[in-house]
Amino acid sequence: MNQAPTTPVAHPTFAEALSVWARIGVLSFGGPAGQIALMHRVLVEERRWLDERQYLSALNFCMLLPGPEAMQLATYAGWRLHGVGGGLAAGLLFVLPGAALILVLGLLYASFGKLPVAEALFVGIKAAVLAIIIEALLRVAKRALRSRADWLVAGAAFAALFLFAVPFPLIVAAALLIGYLTSGGPAQDVEAAAAPPPSVSHLATLRTAAIWLAVWLVPLGLVVAAFGHDHVLSQLAWFYSKLAVVTFGGAYAVLSYMAQQVVEGYRWLTPGEMLDALGLAETTPGPLILVTEFVGVLAAARHGGGPPMLMGVLGALVTLWATFAPCFLWIFAGAPYIERLTHEPRLSGALRAVTAAVVGVILNLTLWFALHVLFADVATVTAGWLRLSVPTLATFQPALAGLALIAALVLFVLKRGILATLAVTAAAGLILAYAA
């Protein structure tokens, strides 16, 4: 079967790359699955700035890190093209459009409560995101599952997540071990074997890590010194810095713990407000972990002891810094080692197994998202070792199913692209809401 070449054919200027990072940031709906697919389409298929091997190797590496893997993948791509400046540009532009929108919506929510117009728009966007994620699943699976062993690993990863709620780090560890133990011969990637990567200075790595550790922690330390340990801004700095180092598996892996702490531990939000926060984060661009910013806005606006709008902005800034500054530390310290990993036969086999497991993870996210889009109520049912997400059939939402079909028609049949799909379904959602 003939496949289109994916070898990079051009090295963009910084200005050209900047416009692409901005476009990706604005269109990065759909959580990690949709964002990974979007970047693959833009960076590998359209622009050819990365080839297939480079993209999947970076994706594997980012899946092993704490924090939002899609944002870290964008940061790595920017770093590979233009060094630290490129990584900063790509990572920041991936986050900032969604962060700005969440800030505005959070401040409005803190002042007025729910916003019907925004909710109507986001209903249509949510339906489009379902079609985008399905497309992502098909694209990634087509390229990542190349052998029977790959299919078995992907199926096992999906079953472990969907049927047994096995923690994501255990799935990654198992895939790494399986891939490591079943590899060991000469590298299968001829291109990789022919061009061994340059050595990496461990001293330079330590220096990079020290610099970015200071960038992360020093400003937050100044917040604690200025406001005191018990102030809500200091609590936000500590809580989200702690989350930044334990969120293996992306936002989905930590949302339940975070929601419990925010609602029951700190009592910053009510359960209903936490659900609203999750809904906004799922239907706005940027990493799903931006739900932390919405929480930060509301917590600081209500408990900051100063003007609510000012405190809300400060809460957003502290939360964003604590959440995303560590991502630059992980990438800038670890990125130089990615190419070396792919040239070690056993390590390359381990990462290939992780790639296959990622397909199972995306399938699980796709099914999880589909259930929550199409049904208003989805319960978690436990039976022995099984832990299933079971929808209440009576809560099926035909309007959202119709919007999802429209999105699939625009995306798969008319092939109009992500922006057109989002625009059509957002407008349709608005019309449905006000026609009812």
Side-chain angles (χ1 to χ4, degrees), residues 22 25-26 28-29 31 67-68 70-71 75 88 91-115 118 122 215-244 247 251 254-255 258-259 261-263 265-270 273-328:
V26 171
S28 58
F29 293 90
M71 178 266 185
T75 303
L88 280 171
L92 290 174
L93 286 173
F94 189 87
V95 172
L96 288 178
L101 184 56
I102 290 287
L103 174 60
V104 172
L105 293 174
L107 291 173
L108 291 173
Y109 190 100
S111 301
F112 305 109
K114 293 187 177 182
L115 306 170
F122 291 148
V215 168
W216 170 21
L217 296 179
V218 169
L220 298 179
L222 294 175
V223 170
V224 175
F227 291 92
H229 289 82
D230 296 329
H231 194 273
V232 65
L233 292 178
S234 301
Q235 293 176 336
L236 288 168
W238 162 246
F239 179 56
Y240 288 123
S241 291
K242 180 173 64 174
L243 283 186
T247 51
V254 79
L255 283 180
M258 187 198 75
Q261 291 298 309
V262 166
V263 173
Y266 291 100
R267 298 185 183 276
W268 289 330
L269 274 67
T270 66
E273 289 170 338
M274 191 66 219
L275 288 174
D276 289 339
L278 293 172
L280 284 176
E282 285 176 349
T283 50
T284 49
L288 182 59
I289 201 67
L290 280 175
V291 66
T292 60
E293 181 193 7
F294 187 87
V295 172
V297 171
L298 265 62
R302 292 170 176 173
H303 307 289
M309 297 290 281
L310 173 61
M311 296 310 300
V313 172
L314 291 177
L317 293 175
V318 168
T319 299
L320 290 171
W321 196 275
T323 301
F324 293 105
C327 297
F328 294 109

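Quick caveat, the model's predicted, so the values are computed rather than measured.
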Side chain proximity check, [X] to [Y], heavy atoms < 4.5 angstrom:
| X | Y | answer |
| --- | --- | --- |
| M309 | S111 | yes |
| L220 | S241 | yes |
| M258 | M274 | yes |

Going by atom type alone, with no hydrogens or angles, which donor-acceptor pairs under 3.5 Å involve a side-chain atom of residues 312-323 and a protein atom two or more places apart or on another chain?
residue	atom	partner	partner atom	Å
T319	OG1	G315	O	2.8
W321	NE1	V215	O	2.9
W321	NE1	W216	O	3.3
T323	OG1	T319	O	2.8

Any chance you could measure L92, atom CG, to F324, atom CZ, to the nearest 0.5 Å?
-> 10.0 Å

Can you measure from CH2 (W268) to CD (E273) and round to the nearest 0.5 angstrom?
-> 13.5 Å

Extract all donor-acceptor atom pairs below 3.5 Å that involve side chains of residues 221-231 and protein atoms in other chains or at least two apart in sequence.
residue	atom	partner	partner atom	Å
H231	ND1	L233	N	3.1
H231	NE2	G304	O	2.9

Residues passing the ring-ring contact (aromatic ring centres under 6.0 Å, His included) test with F328, sequence neighbours excluded, are W212, F332

Heavy atoms only: give me the nearest A300-M311 pair and the separation to one decimal.
->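 Of all heavy-atom pairs spanning A300 and M311, the closest is CB-O, 3.0 Å.
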
If every non-hydrogen atom of A277 is compared with every non-hydrogen atom of L269, which pair is closest and at what distance?
->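 Residues A277 and L269, closest heavy atoms: CB-CD2, 4.5 Å.
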
Does R267 have any side chain to side chain donor-acceptor pair (under 3.5 Å) partners at least two apart in sequence or in another chain, and if so, which?
->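 Scan of R267 (side chain to side chain donor-acceptor pair (under 3.5 Å), adjacent residues dropped) gives none.
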
Under 3.5 Å donor-acceptor pairs involving side-chain atoms of residues 94-106, not counting sequence neighbours:
none

Tabulate below the donor-acceptor pairs under 3.5 Å that side-chain atoms of residues 285-296 make, not counting sequence neighbours, or state none.
residue	atom	partner	partner atom	Å
T292	OG1	I289	O	2.8

